[in-house]
Structure formats: C-alpha cells, structure tokens
Protein chains: 2
Amino acid sequence: MEKFKGLDEEKQQKILDASLKEFAEHGYEKASTNRIVKEAGIGKGMLFYYFTSKKDLYEYLTEYSLDFTVDKYFQRVDTSETDFIERLKKTAQVKMEAQMENKNVFNFLGTFMLSPGADMPPHIQKKYEHMLEMGNRMIYEGIDLSLFRDDVDVEKAFRLIRWSIEGYQNELLHKLEGQNIAHVDFAPYWDEFYEYLDILKKSFYKKREWEQ
Amino acid sequence: MEKFKGLDEEKQQKILDASLKEFAEHGYEKASTNRIVKEAGIGKGMLFYYFTSKKDLYEYLTEYSLDFTVDKYFQRVDTSETDFIERLKKTAQVKMEAQMENKNVFNFLGTFMLSPGADMPPHIQKKYEHMLEMGNRMIYEGIDLSLFRDDVDVEKAFRLIRWSIEGYQNELLHKLEGQNIAHVDFAPYWDEFYEYLDILKKSFYKKREWEQ
DNA sequence: ATTTCTGTTGACCACCCTGGTCGACAGGGA
DNA sequence: TCCCTGTCGACCAGGGTGGTCAACAGAAAT
C-alpha cells in the first residue's frame with residue numbers, strides 16, 4: 001500500500017478509477033478484480049502487490065473517497081451565506097465541480113452509503129460519521145430562519161426544498177446519462193435550475209416589502 | 001408456462017415472490033435460479049418444467065408486473081379529482097395499498113425501468129409504453145390549473161411538488177427498511193405526509209379569499 | 001561482471017456457482 | 001400392468017473467483 005502511493009499520479013488514478021467504477025457498479029461481493037486489472041491496464045499480480053487483498057483495496061477506496069469528498073466538496077462550501085436557498089445554490093455548484101473532477105468517487109460513495117461501514121475498521125467509521133456531521137452543518141448551520149414564511153414549519157420547509165433540489169439533480173443526471181459529461185454545456189441547465197430556485201423562494205419565503 | 005398457470009394460487013405466488021425478489025436484488029444476469037428454487041421451496045427441475053429458461057421466466061415476471069401495476073395501481077386512481085395535490089394524495093394511498101399487496105412487484109419493476117426492455121419481445125415493450133403513458137395521464141390529465149399561483153410556471157410547480165413527494169416517500173421507505181411492513185402503524189406517517197401536502201398547498205396555490 | 005533488488009506479468013490454482021438436463025420415482029387413473 | 005403427470009435433486013460442462021508464484025526485465029549496487 002505504500003508501494004501504491006509511490007506510483008506516479010497518472011497510474012494511481014487509472015487504478016483508482018477502474019476500482020471505484022467496478023465497486024460502484026457491482027457492489028463489494030460481485031466486483032471482479034479481474035475486470036479491474038483489465039480496465040486499469042495492469043497485470044493481475046500488481047493489484048495484489050499494491051494491496052494485500054480485495055478487502056484491503058476496498059477500504060483504501062473508501063477512505064480515499066471520504067477524504068476527497070470532504071476536501072473537494074464539503075470544505076469548499078461557503079457557510080457564511082445565511083440565505084438557505086442561496087447556500088444550496090452555491091453547494092450545488094461546488095458539488096458539480098467536484099463531480100467533474102472525479103465522477104467515480106461520488107458513485108462509489110453513493111453505493112457505500114446505502115449500507116454503510118458493515119465491517120469497516122474503526123478509523124474509517126469515524127471518518128464516515130465525521131463526514132455526515134460535516135454535511136449536516138454545511139447545509140443547516142447559521143441559516144437565517146426569518147426569511148421563511150411564518151405560516152409553515154421551517155424544518156419541513158427545509159426538507160421540501162432539499163427534496164426538490166435532489167429531484168432536479170436526479171432527473172438531470174438521468175437525462176444526461178450516457179453522454180460524455182465533459183462535452184455537455186451546462187449553462188442552460190444552470191439557468192433552468194435557478195428558475196426552480198426562484199420559484200422555491202417565492203413559495204417558501206416571506207413576501208418582502210419592496211416586492212409589489 | 002401453461003403448466004405454471006395450472007398450479008394452485010399459493011404455490012404460484014411463492015414462486016413469483018421468490019423470483020421477483022431475486023431479480024430485483026441482483027438484476028437479470030446475476031440472479032440465480034438455484035437461489036430462486038431454494039427460496040420457493042421447489043426442486044430445481046420444476047422451474048424449468050414450468051418455464052423453458054431463465055429468460056422465459058424473466059419475461060413472464062415482467063408481463064405479470066406490468067399487468068399488476070396497471071390493474072392494482074394506475075386503474076384505481078380517481079382521475080376525476082382536479083386538485084393536483086389532492087390527486088397526488090389519493091395516488092399515494094392507492095400506491096401504498098398496492099405495495100402492501102405485493103411489495104416485490106414494485107421493486108422488480110423499479111429495477112426493470114432503470115434499463116427498460118433491452119431485448120423484450122414487442123408485445124411486452126408495447127405494454128410497457130402503454131403503462132408509462134397511462135401513468136402520465138393519471139397524474140396530469142384534467143388538473144385544474146387555476147388553483148396555482150399566477151407568478152409561477154405551472155409545469156415547474158408540478159415537478160417541484162412531485163419531487164417533494166417522492167423525496168418524502170423515499171425517506172420514509174429508507175427509515176422503515178428492515179422492519180416488517182405488515183406490523184408498522186402507518187397512521188402517524190400519513191398525518192405527517194398530509195402536513196407536508198398542506199405546506200405545498202400554501203406555497204404553490206393561490207391564496208383563496210376565505211383565508212385571512 | 002555479477003549479484004541483488006524492485007516491479008511486473010499472466011498462467012495457474014482450487015474452489016464455487018452457473019443454467020440446464022435427466023434418470024428415478026410417486027401416485028392416480030385406465 | 002401400464003401409462004401419464006408431477007416432482008425431485010444429483011449431475012454436467014463451462015466459466016468466473018480471489019489469490020499465488022515462477023519467471024523475467026532492468027536498474028542499482030557490489
């Protein structure tokens with residue numbers, strides 16, 4: 001595993017990509033080390049030279065993904081923004097950037113979170129819990145509640161807004177499936193996304209005086 | 001396959017349940033006929049006595065699930081209701097009833113719809129398209145648009161509301177995962193659900209005169 | 001020039017599981 | 001006694017599994 005870290009970035013990334021993809025697509029049990037080495041373009045032996053076992057590889061990937069998510073996503077969200085919807089807007093942008101930088105990490109972590117940590121070593125479980133907590137703070141901490149209408153439960157409004165945004169993101173992801181993400185022009189989708197956010201503001205926020 | 005239909009209901013259902021579950025959990029390729037026969041409590045030979053092959057079984061299940069969904073779900077939704085949110089409320093109730101009656105069908109069809117019909121015989125593809133169209137009509141046809149606020153695009157409001165409801169349902173499903181569905185008291189969840197619907201009405205519908 | 005070290009390969013291992021077959025057999029009717 | 005209809009599960013060839021290892025390449029060290 002120290003062996004692996006000594007490789008040049010490019011080769012490391014190729015192996016990480018192949019592995020993340022394989023585990024994301026098939027889950028731990030049914031993921032195939034044979035397919036991984038073929039996809040990564042290395043001999044079978046090397047994988048078990050870098051990592052002692054399939055499980056060892058999987059744990060390395062998990063830790064790598066958690067670190068990546070915290071560094072490139074959670075840590076970059078501007079939590080000084082107190083307008084809930086505006087913060088979600090910025091969150092979405094940062095998330096998209098991180099996703100462009102490494103699509104596979106998100107797919108991998110997605111499947112991991114469906115049945116988390118079953119028998120992960122404690123230090124990884126700690127990291128995972130830390131990430132969850134950080135994600136929560138990133139979204140909810142320091143929000144200006146006075147922007148919301150007085151006649152709805154703010155907690156519930158939070159959730160409705162979050163579900164709406166997740167719904168849009170999922171539908172977009174599904175629509176763009178199969179296309180080469182790098183070649184897609186996202187501008188019109190951002191515009192559309194902002195329109196949805198405007199509607200959410202009109203709907204869940206107080207009417208402000210200067211609007212007629 | 002006519003052999004299969006001659007079986008008593010109970011045995012048929014046991015085989016259907018085992019098969020739907022297996023395919024839903026593992027997908028077509030990785031589903032195991034051995035696990036199916038074990039779960040269904042029949043000998044290996046019988047499965048291939050009833051169905052000529054794994055593929056034949058899969059196609060039968062698909063058709064069965066499509067028919068079930070149309071009969072027990074889509075056909076039972078009251079489309080005379082013109083209030084969008086009210087209709088969704090009724091839809092959710094009918095869906096829940098159908099889901100209680102046969103949980104496996106919904107899981108199976110869920111995975112099927114992710115990569116639909118690849119090489120299904122035409123009559124099944126037809127059925128699938130018919131179902132999709134029916135689902136669309138069931139949700140959107142004959143809705144009273146005048147209830148919605150004038151300052152938001154109704155199309156977008158439709159989607160936001162649908163995403164919200166799907167978000168709630170998914171979260172609930174996730175929360176109840178592992179519990180025996182039959183023993184859960186759903187009353188409080190319905191109440192909570194209605195509260196969310198009320199908020200959606202307040203947010204996306206016009207303020208009506210008789211409300212202060 | 002020789003030995004040692006570090007990477008690297010893919011054939012190979014024992015094992016497991018696959019979809020599907022088939023001979024054996026049970027029991028009811030003719 | 002002989003079918004016929006169901007029913008079973010041992011069995012088949014084939015393919016995939018995670019992991020090993022003898023062989024080798026080339027650079028570094030002796």
Residues in residues 12-23 of chain A with a heavy atom under 4.0 Å of DNA chain C, by number, are none

Nucleic acid contacts of residues 28-51 of chain A, taken as heavy-atom distances under 4.0 Å to DNA chain C:
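Those residues whose heavy atoms fall under 4.0 Å from DNA chain C, taken from residues 28-51 of chain A in numerical order, are A:Ile42, A:Gly43, A:Lys44, A:Gly45, A:Met46, A:Tyr49, A:Tyr50.
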
Can the positive tip of B:Lys54 be found less than 6.0 Å from the middle of the six-membered ring of B:Tyr28, inside 45° of the ring normal?
yes

To the nearest 10°, let me know how far the axis at one end of the helix from C:dT2-D:dA29 to C:dA30-D:dT1 is tilted from the axis at the other, five pairs an end.
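Here the local axes at opposite ends form an angle of 30°.
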
On a heavy-atom basis, which atom in B:Asp119 and which in B:Lys55 lie closest, and how many Å separate them?
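In terms of heavy atoms, the two residues are closest at OD2-NZ, 3.4 Å.
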
Nearest heavy atoms of B:Val37 and B:Lys44, plus distance in Å
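Nearest heavy atoms, B:Val37 then B:Lys44: CG1-CA, 3.9 Å.
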
Using the test side-chain contact (heavy atoms from CB on, under 4.5 Å), find all partners of [X] that sit at least two apart in sequence or belong to another chain.
X	answer
B:Val154	B:Leu145, B:Phe148, B:Phe158
A:Phe51	A:Met1, A:Phe4, A:Leu47, A:Asp56, A:Leu57, A:Tyr60
A:Lys3	A:Tyr49, A:Tyr50
A:Asp198	none

Would A:Arg162 and A:Glu166 pass as an ion pair if we require N to O under 4.0 Å?
yes

B:Lys54 NZ to C:dC17 P, in whole Å, measures 15 Å

Contact state string [nucleotides 23-30 of chain C, B base, S sugar-phosphate only, - no protein heavy atom under 4.0 Å]
--------

B:Glu97: which residues meet the salt bridge (Lys or Arg N to Asp or Glu O under 4.0 Å) condition with it, sequence neighbours left out?
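Checked B:Glu97 against salt bridge (Lys or Arg N to Asp or Glu O under 4.0 Å); zero matches.
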
Name every donor-acceptor pair, under 3.5 Å, that has one atom in a side chain of residues 84-92 of chain B and the other anywhere in the protein, sequence neighbours excluded.
from	atom 1	to	atom 2	distance (Å)
B:Glu86	OE2	B:Lys201	NZ	2.7
B:Arg87	NE	B:Glu81	O	3.0
B:Arg87	NH1	B:Met138	O	3.1
B:Arg87	NH1	B:Glu141	O	2.7
B:Arg87	NH2	B:Thr79	O	2.9
B:Arg87	NH2	B:Glu81	O	2.9
B:Arg87	NH2	B:Glu141	O	2.8
B:Lys90	NZ	B:Glu81	OE1	3.1
B:Thr91	OG1	B:Arg87	O	2.7

Residue pairs fulfilling salt bridge (charged side-chain N to carboxylate O under 4.0 Å, His left out) with at least one residue in residues 14-25 of chain A, sequence neighbours excluded:
A:Lys21-A:Glu39, A:Glu22-A:Arg35

Name all residues meeting the side-chain hydrogen bond (donor to acceptor under 3.5 Å, both in side chains) criterion together with A:Ser164; count only those two or more places apart in sequence or in a different chain, and write none if there are none.
B:Ser164

